[in-house]
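What follows is a short report on a single structure.
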Number of protein chains: 2
Amino acid sequence: MNLILLNKKEFDSNGIATLVGRRAQHICEVIKPAIGDRLKAGIIDGDIGEAEVIAIEPSDKANEQASVTLRIDSSTLSNSSPLAIDISLVIALPRPKVARRIIGLCTECGVKDIHFINSYRVEKSFWQSPLLSDDKVHQQVLLSLEQSKDTQLPRIHFHKRFKPFVEDQLPQIAKGKQALVAHPYNAKINIDSRADELADLKTQPRIIAVGPEGGFIPYEIELLQQAGFDTLGLGPRIYRVETVIPLLLGKLA
Amino acid sequence: MNLILLNKKEFDSNGIATLVGRRAQHICEVIKPAIGDRLKAGIIDGDIGEAEVIAIEPSDKANEQASVTLRIDSSTLSNSSPLAIDISLVIALPRPKVARRIIGLCTECGVKDIHFINSYRVEKSFWQSPLLSDDKVHQQVLLSLEQSKDTQLPRIHFHKRFKPFVEDQLPQIAKGKQALVAHPYNAKINIDSRADELADLKTQPRIIAVGPEGGFIPYEIELLQQAGFDTLGLGPRIYRVETVIPLLLGKLA
């Protein structure tokens, strides 16, 4: 936890918030501040500044849950979240554990729009997983924002039907963006191109689609192309989705 | 499994190998070839070519383990592994599950030299984990080579003592390479620099050191600098090690 993230609803009109649960426990056990210490804190979807520790109650026999009371110093608040990455992602839903890791790493890297979509090779059961409930996704997002010292929530969308999404919504979402789909065959652009060729890709916002294990099927690639996506080759290696996404963000951000 | 990896010892003088276990099961249940089909196969630390399926025994009631017999077609073999990445990594040992994932993703990306090292903030218990036994590491490496269609084993080293490694071995390992250590403070080079500035980093082999959660301590940074490492800033975000490594490989490979 490199930043303590607070919800605006958590503090009163004097800027005082009492935390229990995971954050309080982390503060007590890892940060171990003294009363009066100032910790780096941020407001979800808001500013970043300092919070003074005004009370600490570690968990002990008498006290099941640790609690920590902080006072946000509003004079220190400023809009200082790290810049977002100007890349939106469209990702064929991987198995839920992997999806959760991908939500985490994308959030850490500053991706603000992630669309998980269906595809012929996505297992139907993945859509039912409790790991992808709104609540679990939100928990993962908070952990990753705390990690990367960011307060700005990403928007994570789940689209259970491929064709209506790609035909009816995606052209609008991709409007004004360079749209690319990672695809090993007959790619129009290759990721191993010289840096100056890739530099052309960095002058505008991008939206990048990544297929499932085994890839998008030709029909899906066709529909994506009709929605304005160019194919992007990744070289001779075949990567797992959780490897290729940070690799692409490194190459293209 | 995008490539069936075979050990040279597995086949006889006619190029015939009978597989049981994980690979045979995968071939039977996922690839489902017919007799006579040709599969993409590679020899560990050797060439890539085609193998003809000459017998299949799926597992059933009578037959506990699936087995598949292949004949390597030596006329198809060629030295066609994807190119290695010219980046060596020095990584403060993370918790073993994460280390295993990192070994996987580095292997997938074509990194061929990985040095796990100790550091003040590495938990001692990590070094004892059975997940990091030679055998477990080798299994992970094979899975990742199969994934990325590569036959060339990476060299994975574990150095349990920081100072002797950094002082006595690292200068030799880093010789002739641009040596960088990821470090958030007072970095000499910044990863968010313009592409043409980073391009200078790509003209020679590189060796990149990545610290533990919480970072290398100042004394460790000093020793690394004495061993010839320049500090590399990653911008305002703080990444987990499993995120930052593929991100760096994307930026710098």
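None of these values were measured; they are calculated from a predicted model.
- Heavy-atom proximity under 4.5 angstrom to chain A picks out Pro246(B), Leu247(B), Leu249(B), Gly250(B), Lys251(B), Ala253(B) from residues 244-253 of chain B.
- Across all non-hydrogen atoms, the minimal contact from Thr107(B) to Arg237(A) is O-NH1, 3.9 Å.
- For residues 238-248 of chain B, the pairs satisfying salt bridge (charged side-chain N to carboxylate O under 4.0 Å, His left out) are Glu108(A)-Arg240(B), Arg101(B)-Glu242(B), Arg240(B)-Glu242(B), with sequence neighbours left out.
- Within a 6.0 Å radius of NZ in Lys136(B), no more than 12 heavy atoms belonging to other residues, nucleotides or ligands are found.
- Residues of residues 73-86 of chain B that come within less than 4.5 angstrom of chain A, heavy atom to heavy atom, are Pro82(B), Leu83(B), Ala84(B) in numerical order.
- Dense packing is recorded around CD of Gln152(B), with more than 12 heavy atoms of other residues, nucleotides or ligands lying under 6.0 Å away.
- Close approach to chain B, defined as a heavy atom under 4.5 Å from one of its heavy atoms, is seen in no residue of residues 90-100 of chain A.
- Around the CD atom of Glu50(B), the shell of radius 6.0 Å holds more than 12 heavy atoms that belong to other residues, nucleotides or ligands.
- Between chain A and the options Gly214(B), Gly235(B), Gly104(B), Pro236(B), the largest number of non-hydrogen pairs under 4.5 Å is found for Pro236(B).
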